[in-house]
Amino acid sequence: MIKADTNVCIGAGMCALTAPEVFDQSEDDGTVILLTDSPTAEQLAIVEEAVNLCPSGALSLG
Amino acid sequence: MAAPLPTARTNPFDPPEELRADDRGIRRFTLPDGSLGWLITSHPLAKSVLADSGFSSKMELRKQVVARGETRDKETGKPPVDGMFIAMDPPEHTRFRRQLTGQFTVRRMNQLQPRIQQIVDEHLEAMAASGPPADLVAAFALPVPSLVICELLGVPYADRADFQRNSATALRLGVSDEEALAAVQSLAGFLAGLIERKRREPTDDLLSGLIENGELTDRELIGVSMVLLVAGHETTANMLSLGTLALLRHPEQADALRASETSVDVAVEELLRYLSVIQFGTTRVATYETELGGEGIAVGDQVLLSIPAANRDSGQFAEPDQLNLAGQTQGHLAFGHGVHQCLGQQLARIEMRIGYTTLLRRFPTLRLAVPVADIPLRTDMTIYGVHELPVSW
């Protein structure tokens, strides 16, 4: 399960850049939108990378 | 006695030798006022401090780390204009950033690609028509991001001579405080007039949109637009010119990029890491007692994160001193980390991807027109790069 905290998110776009099939950004304030909260096995590595690159700590995997 | 922050370079690409990360990754250095601060050269330590809200970005708490690196109000220590959100902490910072992030998303920036390609093409055609030789900085690297950010913000490009000069003065080391303050105030006056005109007659651009939202005062809008205008052209301009120099000094890798054998997306990340143009790094101030790399940090301690050193940390990157454009660089700190991570990074990436590849393909025989030792390096500027890049083809 991916969790995204839009109160913490600063809209840098690292997740949408790294894993566009899983993360998008709000048109209003650029904060993260989860396209899915359950990544497939193939997506897991790239999602882990996006979580690691997130500058604000808004993303977690659990 | 701890040394001051080293700034002299022995070659165009490597940070000062004294900045090399050691096992501890943290050491003492002497600030220009004679007091001691902490210099962080370790990638994980730098990343953890940048992510830690217990380390403040407020300008009134921060000291200068090199002689005259920032322009501040003498009385308060704060920025000389309102709205400079890079010098704030949450929640104040959040109020500003939230107004802007929707404008700089990956999707929004991707939509600018055709126009950026057109701007790049036009400048390269003009360079081809008037040369060889040419100064790549004046013909290409500076005007392209300047025009892009002007169009995005809604700043008249015709006024570029003034704002480019004032922005360069404010970022130059060694100018007097008075001279720097005058440059910032001149820029603020220019932007105040522009905001006033847009309030009367809105146009279709980012500044008019911010005015229409009504969340920020006109005084705050001056600082916001100043940050965006200055950051929007100084940083990318220097990456384009210094990146081109790096490509010319690594011709086989440049050929692979030209032929699309190397992914330009990957190459841009590696150039960002290798060149790290934010050469003096960023400073934070501890607001709580803690420990970093085994050192006790007290409240009020000045902590300088050296981005060039962290991006060459051998604990993080294999062969950090080699440029490897095919190397899948991940996790560099060239855009920073934490809540202040570069707002315009997705725009910068697109400008670089289009800029480097189009330049290499339009000029397959591009070469330096002078010996590399004759290229004037920007060791005297807050943002590193080259002052001029004479090229031929």
Side-chain angles (χ1 to χ4, degrees), chain A, chain B residues 43-44 46-53 57 85-86 88-91 93-111 206 209 213 215 265-266 268-269 282 316 328-350 353:
Chain A
M1 277 283 282
I2 312 170
K3 282 184 191 155
D5 185 343
T6 52
N7 291 316
V8 170
C9 176
I10 53 144
M14 287 310 294
C15 56
L17 181 79
T18 308
E21 61 279 25
V22 180
F23 303 99
D24 198 357
Q25 288 177 276
S26 151
E27 282 289 318
D28 295 332
D29 61 8
T31 54
V32 59
I33 295 171
L34 287 180
L35 300 176
T36 171
D37 60 6
S38 313
T40 63
E42 296 80 45
Q43 289 170 337
L44 202 56
I46 197 84
V47 168
E48 276 172 2
E49 189 189 326
V51 171
N52 182 43
L53 289 175
C54 173
S56 63
L59 298 178
S60 57
L61 256 176
Chain B
H43 183 283
K47 190 176 173 184
S48 72
V49 171
L50 288 168
D52 187 341
S53 60
S57 289
F85 56 96
I86 54 173
M88 297 176 189
D89 290 338
H93 165 262
T94 317
R95 180 168 80 89
F96 287 88
R97 180 125 185 168
R98 278 289 160 96
Q99 291 290 309
L100 300 168
T101 39
Q103 310 287 327
F104 288 91
T105 61
V106 174
R107 186 184 302 113
R108 282 279 183 101
M109 296 302 101
N110 281 338
Q111 287 165 353
L206 198 152
N213 285 352
E215 298 282 331
D265 295 8
V266 172
V268 162
E269 301 304 314
T282 53
Q316 183 72 21
Q328 290 286 354
T329 302
Q330 281 168 3
H332 67 73
L333 299 176
F335 289 121
H337 191 70
V339 298
H340 289 283
Q341 194 183 53
C342 180
L343 175 70
Q345 59 180 296
Q346 310 305 348
L347 175 60
R349 284 187 167 98
I350 291 171
R353 288 172 192 164

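Sequence lines set the chain letters: A, B, ... in the order given, protein chains first and strands last, and positions in each chain run from 1. For the numbers below, each heavy atom of this structure counts, side chains included, while hydrogens, waters and symmetry mates do not. Predicted model, so just to flag it, every value in this text is computed and none were measured.
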Item checked: Most contacts with chain A, counted as non-hydrogen pairs under 4.5 angstrom, among Leu343(B), Val339(B), Leu50(B) ->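 Going by pairs under 4.5 Å, I would pick Val339(B).
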Next item on the list: Could you check which of Arg108(B), Arg349(B), His340(B), Gln99(B) has the highest count of heavy-atom pairs closer than 4.5 Å to chain A?
Entry: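 It is Arg349(B).
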At a heavy-atom separation under 4.5 Å, does [X] approach chain B through its side chain, its backbone, both, or neither?
{"X": "Asp28(A)", "answer": "backbone"}
{"X": "Thr18(A)", "answer": "neither"}
{"X": "Asp24(A)", "answer": "side chain"}

Check: So Thr31(A) and Arg98(B), side chain to side chain contact (heavy atoms under 4.5 Å, CB included) or not? Walk me through it.
Finding: CA-CA 9 Å; Thr31(A) 54; Arg98(B) 278 289 160 96; 3.6 Å; yes
Checklist line | Validation row: Gln25(A), Thr101(B) side chains within 4.5 angstrom (heavy atoms) | finding: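 Gln25(A) vs Thr101(B): side chains apart.
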Check: Does the pair Met14(A) and His337(B) meet the rule for a side chain to side chain contact (heavy atoms under 4.5 Å, CB included), with working shown?
Finding: CA-CA 11 Å; Met14(A) 287 310 294; His337(B) 191 70; over 6 Å; no
Checklist line | Approximate separation, where rounding is to 0.5 Å, of Asp265(B) CG and Leu17(A) CG | finding: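 Spacing of CG (Asp265(B)) from CG (Leu17(A)) equals 7.5 Å.
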Atom of [X], atom of [Y] and distance for their closest heavy-atom approach:
{"X": "Pro55(A)", "Y": "Gln341(B)", "answer": "CG-OE1, 3.0 Å"}
{"X": "Val106(B)", "Y": "Gly13(A)", "answer": "CG2-O, 3.5 Å"}
{"X": "Gln345(B)", "Y": "Ala12(A)", "answer": "NE2-CB, 3.6 Å"}

Check: Among Gly57(A), Cys9(A), Ser26(A), Pro20(A), which has the most heavy-atom pairs under 4.5 Å with chain B?
Finding: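 Counting heavy-atom pairs under 4.5 Å, the top option is Cys9(A).
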